[in-house]
Number of protein chains: 2
Amino acid sequence: MTQGRKSKREHLVETAQQLFYREGIKGTGIDTVLEHAGVAKRTLYNHFKSKDELVIATLQRRDQEFMAMLKAGVKKFESRQTGEPAFARVLAYFDAIEEWTTSKQFSGCMFINASAEYPRQDHPVHVICAMHKRLVIQYIEELMSGLTLADPHDLAVQLAVLTDGAIVNAHTTSNRNAAQVAKQIAVSLLTLHTQPAH
Amino acid sequence: MTQGRKSKREHLVETAQQLFYREGIKGTGIDTVLEHAGVAKRTLYNHFKSKDELVIATLQRRDQEFMAMLKAGVKKFESRQTGEPAFARVLAYFDAIEEWTTSKQFSGCMFINASAEYPRQDHPVHVICAMHKRLVIQYIEELMSGLTLADPHDLAVQLAVLTDGAIVNAHTTSNRNAAQVAKQIAVSLLTLHTQPAH
DNA sequence: CATTAAGTACACAGATCAGTATACATCAAT
DNA sequence: ATTGATGTATACTGATCTGTGTACTTAATG
C-alpha cells in the first residue's frame, strides 16, 4: 500500500494531463498514455472505469494546479506594483496570465480546449469546464474585494471574458502580446469603475 | 457535369461542416458524414484525398459564411444606432455577435474549436484558424475606418480579443450575456480612445 | 507461512476508423 | 452509338480504439 513517491493513479493522471493538453484528448489514445506512464493497461482500468473518468480526473487535477499557479503568480507580481493593493493584485493577475501564455509549453486553456472537444453542454467534461470558469470568476472577485465597486461580480465577469479572449487569441494566432492587450483593457476598466466619471 | 441544385462536393462540405461544428471534428467519422449526406464513400474520396482536406474545405466554407453573417448583421443593426457612423458600426458588430452567440444552434467558434482539436500550431488546420482570426481583425479595422484613432490596428486587436472572450465564455459557461458584456467594454474603450482624456 | 492487495504481461474482443478496390449505373457530349 | 466523367454499392484492408479476461508476480501484513 505505502509505495515510492507517487501512487500509480497519480502518475497516470499526471501523464495523461500532459498528453491531453499537448495533443488533445481525442487525439491521445489510452495506449499512448500507458506507454508514457510505463503502467499496465489493467492498472489503469482498476483505477478508472473508462477513459472519460480519466479525462475528468485530469481536469480536476488541472483545476487545482491552475488555481495554484494563478495564486503563486499574483503573489509574485503584486509586490512589483504600486498603489491600491486590490488594484495591484488585479494587475498582478494579468501578469501571471501573461507569463503563462508566453511560456514555452503553453497550448491554450485546457478547459476551453476540452469544451471544444466535447461541445455538448450536458456532457460531464463540458460541465466540469464550466465549473472551472466559474471558480476563476470567483477568484477574480476575491482579488478585487478591497475595491469599492457598483457591481463587483459584473466587473469580475468582464475581466474573465477578457482573460479568455487573451488566452484564445494567444493560442490560435500565436500572439505573444495578447495578455498585455487584455491587461491594458483591464486597467481602463478598473480606472473607469473605481474613479467615477465626474 | 451540369447537375441538379448543388454539386456533390458542395453538399458534402455543407453536411460535414454542420456535423463537425455540432459534434467536433475528431468526434465525427467519415461514415457519419456520408450517411447524413447520402453520398457514396468513393465520391468523397474522389473530391478529397483525405479527411484533413475535407476539414480544411469546411473551414474555408465557414470562413465565407461567417464573414457574410457578420456583414449582414452589421448592416441590420447599424441602422438602429445613433451617432457617429463608424462608432455605430462597431456597436452593430457586437449586436451581430450577440445574436449569434444567443442563437439556438450556437456551439462556439468553429475556428477556436478546431484550433483546440489540433493544438499543434504548425498543423494546416491550426494555420487556417489563425488566418481567419486575422481576417476578423482586419474587418473590425475597416468598420472603424471613420474614427480618428492613435492606433486603429491596436484597438481592432483589443476588440477581437474581447470578441473571442465573449464567444468562449458564452459557449463554455452557457452564458447568454457574454456578448453584451463584451459590447459594454467595447463602448468604454471606444469612448476612451475617441475623446482624449483632457 | 499464508493471505491479500496491487501491479504486470499479454492476448484478445469488438467496434470504429480512414482509405482502397472493384464492378456497375447514369448521363452528357462528341 | 460510343466514350468519358461522375456517382453508386459493397466489400474489404489494416490500423487503431476502448475495454476485458486471465494468469503470474511482488510485497506488505497478519
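The structure displayed is predicted, hence computed values, not measured ones. Chain identifiers are assigned alphabetically (A, B, ...) following the order of the sequence lines, protein sequences preceding nucleic acid strands; residue numbering begins at 1 within each chain.
Distance A:I25 CD1 to D:dC17 P: 15 Å, rounded to the nearest Å. Remark: P of D:dT10 and CD of B:E35 are 13 Å apart, rounded to the nearest angstrom. Rounding to whole angstrom units, NE2 of residue A:H11 and P of C:dT8 are separated by 11 Å. Protein atom CG of B:L34 is 11 Å distant from nucleotide atom P of C:dC17, rounded to whole Å. Atom P of nucleotide D:dG7 and atom OH of B:Y45 are separated by 16 Å, given to the nearest angstrom. Atom C1' of nucleotide C:dA9 and atom CG of A:L44 are separated by 15 Å, given to the nearest angstrom. Whole-Å rounding puts the A:D31 CG to C:dC10 P distance at 14 Å. In this entry the distance linking CD1 of A:I30 with P of C:dG14 reads 20 Å, nearest Å.
Proximity note for A:K41 (side chain, C-beta onward) versus C:dT8, D:dT8, D:dT18: the nearest is D:dT18. The nucleotide whose nearest atom lies closest to any side-chain atom of A:T43 is, among C:dT20, C:dG7, D:dT18, C:dG7. Side-chain proximity of B:S50 to the nucleotides C:dT8, C:dG19, D:dT8 is greatest for C:dG19. Considering only side-chain atoms of B:V39, the nucleotide from C:dA9, C:dA18, D:dT8 that sits closest is D:dT8. When each of C:dA18, C:dT8, D:dT18 is scored by its nearest atom to the side-chain atoms of B:K51, the top-ranked nucleotide is C:dA18.
Ring geometry for B:F111 versus B:H132: interplanar angle under 30°, hence parallel rather than tilted (30 to 60°).
At D:dG7, none of the side-chain N or O atoms of B:K8 fall inside 4.0 Å of OP1 or OP2 (strictly under the cut-off). In terms of phosphate contacts, B:H47 brings a side-chain nitrogen or oxygen within less than 4.0 Å of OP1 or OP2 of D:dG7.
Residue order along DNA chain D, read from the 5' end via each residue's closest nucleotide, puts A:G27 first among A:R42 and A:G27.
A salt bridge is absent between A:K183 and A:E98: the closest approach of a Lys/Arg side-chain nitrogen to an acidic carboxylate oxygen does not fall below 4.0 angstrom. Using a cut-off of 4.0 Å between Lys/Arg side-chain N and Asp/Glu carboxylate O, B:D95 and B:K76 are scored as not salt-bridged. Salt-bridge formation is not detected for the pair B:R89/B:E142: no Lys NZ or Arg NE/NH1/NH2 atom is positioned less than 4.0 Å from an Asp or Glu carboxylate oxygen.
Side-chain contact between B:Q180 and B:N177 is present, with at least one heavy-atom pair separated by less than 4.5 Å.
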